[in-house]
Amino acid sequence: MTSTWDPVAENFGALPFVYGTLVSSLIALVIAVPLGLLMGSFEAVRAFFQPVFNFVRYMPASAFIPLLILLQGLGENEKITVIWIGVFFQLVLMVMDIAQRVPSEMLNVAYTLGANRATVFRKVFLPATWPEVVDVLRITMGWAWTYLIVAELVAANAGIGNFILIAERYFRADRIIAAIITIGILGLMTDFFFGVFHRWAFPYVEKNARLSRNRVRRLPSLH
């Protein structure tokens, strides 16, 4: 067991591996979430950006890797850019869809009660959208791990993808399996973190879900 797992830790280095994924995801988050909310809220913004995003999102991020190697070389910057391309455009459109699904009646009630635009945005719109936005981020983090491995498998001089390629050359299936399991464990840790954060930040979501389930149980039976 030691001969299988020790090289995994020694060759890809946990901190650089996690660093690239987190940095690229954070950059995508900072730009994509505000833009997605704007596109979902304002028709003019959506009409301007959506055709471009619909076009770019069908381009596979892995197809950009040769170009990025020419422009950025091998290293963390190339990996971060690949992950950003793979996550950013999809994330914007998913957040836009969340913003569009906010019931207009909910916003109109707030306006009727005398709230101004800033108050409605802060007290109604954001609480209605952020729980789903965090769920979307939870999904896109899985994509980020995938794109990182793709970038390292295609072209990298370090990282877990490079480690898998080296293990393949020497027919070390045990090391390949160990690397795959390591990726899965890191993904589970990320998913667990988002789940804990979601329950802590948005306790009203679970409360509303319980109330809805209780109402359904109290409905009279048709039999």
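Not measured: the values here are computed from a predicted model. Index from 1, following the sequence.
- Atoms CD1 and CZ, on Ile180 and Arg175 in that order, are 14.5 Å from each other to the nearest 0.5 Å.
- Contacts of Asn77 classified as side chain to side chain donor-acceptor pair (under 3.5 Å), with partners at least two apart in sequence or in another chain: none.
- The ring pair (Phe, Tyr, Trp, His ring centres under 6.0 Å) pairs that include a residue from residues 20-50 number zero, where partners must be two or more places apart or lie in different chains.
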Under 3.5 Å, sequence neighbours excluded: what are the donor-acceptor pairs made by side chains of residues 104-115?
residue : atom : partner : partner atom : Å
Asn108  : ND2  : Ser104  : O            : 3.2
Thr112  : OG1  : Asn108  : O            : 2.8

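- Here the side chains of Ile139 and Phe194 are not in contact, with every heavy-atom distance at 4.5 Å or above.
- Between Ala144 and Ile83, the shortest heavy-atom contact is CB-CG2, 3.7 Å.
- Residue pairs that meet the side chain to side chain donor-acceptor pair (under 3.5 Å) test with at least one member in residues 31-44, sequence neighbours left out, are Glu43-Arg46.
- Side chains of Leu35 and Phe53 form a contact here, defined as non-hydrogen atoms less than 4.5 Å apart.
- Taking hydrophobic clusters as Ile, Leu, Val, Met, Phe, Trp and Tyr residues chained together by side-chain heavy-atom distances below 4.5 Å, Leu165 does not share a cluster with Phe171.
- Take Arg199 and apply the salt bridge (Lys or Arg N to Asp or Glu O under 4.0 Å) test, not counting sequence neighbours, and it matches no residue.
- The ring pair (Phe, Tyr, Trp, His ring centres under 6.0 Å) check on Phe121 picks up Phe125, with sequence neighbours excluded.
- Remark: Phe192 CZ to Ile185 CD1 distance equals 14.5 Å, nearest 0.5 Å.
- The CG atom of Leu137 lies 5.5 Å from the CG atom of Leu91; values are rounded to the nearest 0.5 Å.
- With sequence neighbours excluded, no residue forms a side chain to side chain donor-acceptor pair (under 3.5 Å) with Gln90.
- Both Val133 and Trp200 belong to a common hydrophobic cluster when Ile, Leu, Val, Met, Phe, Trp and Tyr are linked at side-chain heavy-atom distances under 4.5 angstrom.
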Legend entry - Full working for side chain to side chain contact (heavy atoms under 4.5 Å, CB included) between Ile183 and Ile149: CA-CA 9 Å; Ile183 298 165; Ile149 301 304; 3.6 Å; yes
Show which side-chain atoms of residues 54-72 pair as donor or acceptor with protein atoms under 3.5 Å away, not counting sequence neighbours.
residue : atom : partner : partner atom : Å
Asn54   : OD1  : Arg57   : NE           : 3.4
Asn54   : ND2  : Gln50   : O            : 3.4
Gln72   : OE1  : Thr81   : OG1          : 3.1
Gln72   : NE2  : Thr81   : OG1          : 3.1

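- Within a 6.0 Å sphere centred on CD of Gln100, heavy atoms belonging to other residues, nucleotides or ligands number more than 12.
- Taking the side chain as every heavy atom from C-beta outward, Leu37 and Thr129 approach each other to under 4.5 Å.
- Atoms CD1 and CD1, on Ile181 and Ile176 in that order, are 12.0 Å from each other to the nearest 0.5 Å.
- The salt bridge (Lys or Arg N to Asp or Glu O under 4.0 Å) pairs that include a residue from residues 85-98 are Asp97-Arg101, where partners are two or more places apart or lie in different chains.
- In this pair, Phe197 and Phe193 present their aromatic rings parallel. The plane angle is below 30°, not in the 30 to 60° band.
- The ring pair (Phe, Tyr, Trp, His ring centres under 6.0 Å) check on Trp143 picks up nothing, with sequence neighbours excluded.
- Ile98 contributes atom CD1, which lies 10.0 Å from atom CH2 of Trp130 (distance to the nearest 0.5 angstrom).
- Residues forming a side-chain contact (heavy atoms from CB on, under 4.5 Å) with Arg122 (at least two apart in sequence, or on another chain): Thr119.
- Identified under the salt bridge (Lys or Arg N to Asp or Glu O under 4.0 Å) test for residues 66-75, with sequence neighbours left out: none.
- Rounded to the nearest 0.5 Å, atoms CG (Leu93) and CZ (Phe88) are 9.5 Å apart.
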